[in-house]
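What you see is a predicted model, and the numbers here were worked out from it, not measured in a lab.
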Amino acid sequence: MKRHATTAAWLLLASPLILLVGGAILALVLSSSPAEIGRQMHESAVLDALVISLKTTLVSLVLVIVCGTAFALVIHRTRGALSGGLEVLVTLPAIMPPSVAGIALLLAFGRQGLLGSTFSHWGISIAFTPIAVVMAQTFVAAPFYVREAANAFQAIDPTYLEAATLDGASAWQSLRWVTLPVIAPFLLTGAVLAWARALGEFGATILFAGSLQGVTQTLPLAIYLGFETDLEQAKAIAVLLLVAAVFLLVLLRLVLRRRLVYAH
């Protein structure tokens, strides 16, 4: 009885936050019917934004996984100030305001930017192109993967690798039977988080890549434009992204459950 009373007291204290989050999500779900979402999915602006979002986020995810895994390995294998500095460097985009990230990318890779001027001299334009969309998504999503990858390498017990070597296991066998089972759930968690962050990216993208339909306009940018020109379209896209977020959360819970199995 006492436990139930304590739970009720905590629930009462948490109720404003529950009302805030739950009320907003419920209002969004009720704002657009499945029929309206289906109708909006046939609109060229929505289809273009969906295709661009899928293409750019998949490319950025590949970049994050390949380069981020290498980055995490460097952090794992270095020590002292260098390792700490690299951790700060990769974490900054996660806590940096999106608008600041967009301005930073523009100042670095814009036509007259620190590095962009050199690319412009070679006839390569980055800002306000699909390349800029990928770069903005990679910039903001990388910390979520790199942190998980770094945790994965920390989770490997060196004694397991030493024991495998003493038992005659080759480097490939150690990777296949010792390393991968430990790090795979971490890497998958990081990949899911990174893709979710890339899919929802708005601030850095609109400043660095613009919002050109069929070129750089992703789903979050289409919502922003639709809020001014077609509210029904904006609501339908928002519900679509909410469904994607729920799917990713369910996937993430399954991955985390697998991580707990390996931890024990």
Next item on the list: Kindly indicate whether the side chain of V134, heavy atoms from C-beta on, has any atom under 4.5 Å from the side chain of S60.
Entry: yes

Checklist line | H121 side-chain N/O to S117 backbone N/O, donor-acceptor pair under 3.5 Å | finding: no

Notebook entry, point to check: Within a strict 4.5 Å, meaning less than it, do heavy atoms of the F227 and K235 side chains meet?
Noted result: no

Next item on the list: Heavy atoms only: give me the nearest F186-E148 pair and the separation to one decimal.
Entry: O-CB, 3.5 Å

Check: Would Y145 and T138 satisfy side-chain contact (heavy atoms from CB on, under 4.5 Å), going step by step from the backbone distance to the final call?
Finding: CA-CA 10 Å; Y145 179 83; T138 303; over 6 Å; no

Checklist line | Where L221 and G210 come nearest, the two heavy atoms and their spacing | finding: CD1-O, 3.4 Å

Notebook entry, point to check: Are V59 and L54 co-members of a hydrophobic cluster defined by side-chain heavy atoms under 4.5 Å apart?
Noted result: no

Notebook entry, point to check: What is the minimum heavy-atom distance between I52 and Q217, and which atoms define it?
Noted result: CD1-O, 3.8 Å

Checklist line | Atom pair CD1 (I25) and CG (L28), whose distance is rounded to the nearest 0.5 Å | finding: 8.0 Å

Item checked: Shortest non-hydrogen separation from A136 to L105 and the atoms involved -> CA-CD1, 3.8 Å

Note to self: Nearest 0.5 angstrom please: L58 CG to W195 CH2, how far?
What the structure shows: 7.0 Å

Notebook entry, point to check: So with a 6.0 Å cut-off around CD of Q112, is the heavy-atom count from everything else above 12?
Noted result: no

Notebook entry, point to check: Which residue pairs satisfy the salt bridge (charged side-chain N to carboxylate O under 4.0 Å, His left out) criterion with at least one member in residues 195-207, sequence neighbours excluded?
Noted result: R197-E201

Notebook entry, point to check: To which residues is L212 joined in a hydrophobic cluster, defined by side-chain heavy-atom contacts under 4.5 Å among Ile, Leu, Val, Met, Phe, Trp and Tyr, whether direct or through other members?
Noted result: V215

Note to self: Any heavy-atom pair between the side chains of F109 and T118 that's under 4.5 Å?
What the structure shows: no

Check: To the nearest 0.5 Å, what is the distance between CG (L114) and CG (L107)?
Finding: 9.0 Å

Check: Say you draw a straight line from CG of L241 to OG of S53; how long is it, rounded to the nearest 0.5 Å?
Finding: 7.5 Å

Next item on the list: Can you see which heavy atom on A45 is nearest to which on Q213, and at what distance?
Entry: CA-NE2, 3.4 Å

Next item on the list: Apply side-chain contact (heavy atoms from CB on, under 4.5 Å) to the pair V146 and V64, showing each step before the final yes or no.
Entry: CA-CA 8 Å; V146 175; V64 165; 5.7 Å; no

Note to self: Nearest 0.5 Å, please: how far is CG in L240 from CD1 in I223?
What the structure shows: 8.5 Å

Next item on the list: Could you state whether V140 and V90 fall into the same hydrophobic cluster, counting links through intermediate Ile, Leu, Val, Met, Phe, Trp or Tyr residues with side-chain heavy atoms under 4.5 angstrom apart?
Entry: no

Notebook entry, point to check: According to a 4.5 Å side-chain heavy-atom criterion applied to Ile, Leu, Val, Met, Phe, Trp and Tyr, with indirect links allowed, do V74 and L63 form part of one hydrophobic cluster?
Noted result: no

Notebook entry, point to check: Between Q233 and V46, is any pair of side-chain heavy atoms under 4.5 Å apart?
Noted result: yes

Notebook entry, point to check: Measuring from S32:OG to L242:CG, what's the distance to the nearest 0.5 Å?
Noted result: 11.5 Å

If you look only at distance, which donor and acceptor atoms sit under 3.5 Å apart when one is on a side chain in residues 79-88 and the other is two or more places apart or in another chain?
{"from": "R79", "atom 1": "NH1", "to": "H76", "atom 2": "O", "distance (Å)": "2.6"}
{"from": "S83", "atom 1": "OG", "to": "I75", "atom 2": "O", "distance (Å)": "3.2"}
{"from": "E87", "atom 1": "OE1", "to": "R147", "atom 2": "NH1", "distance (Å)": "3.4"}

Check: What closest approach, in Å, do T69 and I65 show between heavy atoms, and which atom pair accounts for it?
Finding: OG1-O, 2.5 Å

Contacts table for residues 123-133: side-chain donor-acceptor under 3.5 angstrom, sequence neighbours left out:
{"from": "T129", "atom 1": "OG1", "to": "I126", "atom 2": "O", "distance (Å)": "2.5"}
{"from": "T129", "atom 1": "OG1", "to": "I131", "atom 2": "N", "distance (Å)": "3.3"}

Next item on the list: Could you state whether F139 and L89 fall into the same hydrophobic cluster, counting links through intermediate Ile, Leu, Val, Met, Phe, Trp or Tyr residues with side-chain heavy atoms under 4.5 angstrom apart?
Entry: no

Checklist line | Min side-chain heavy-atom separation I103-L207 under 4.5 Å | finding: yes

Next item on the list: Can you run down the salt bridge (charged side-chain N to carboxylate O under 4.0 Å, His left out) pairs that involve residues 11-21, sequence neighbours left out, and say none if there aren't any?
Entry: none

Note to self: Holding to ring-ring contact (aromatic ring centres under 6.0 Å, His included), I want the full list of residues that pass it with Y224, two or more places apart in sequence or in another chain.
What the structure shows: F202

Next item on the list: Look at the side-chain heavy atoms of Ile, Leu, Val, Met, Phe, Trp and Tyr, link any pair under 4.5 Å apart, and say whether L193 and L61 land in one connected group.
Entry: yes

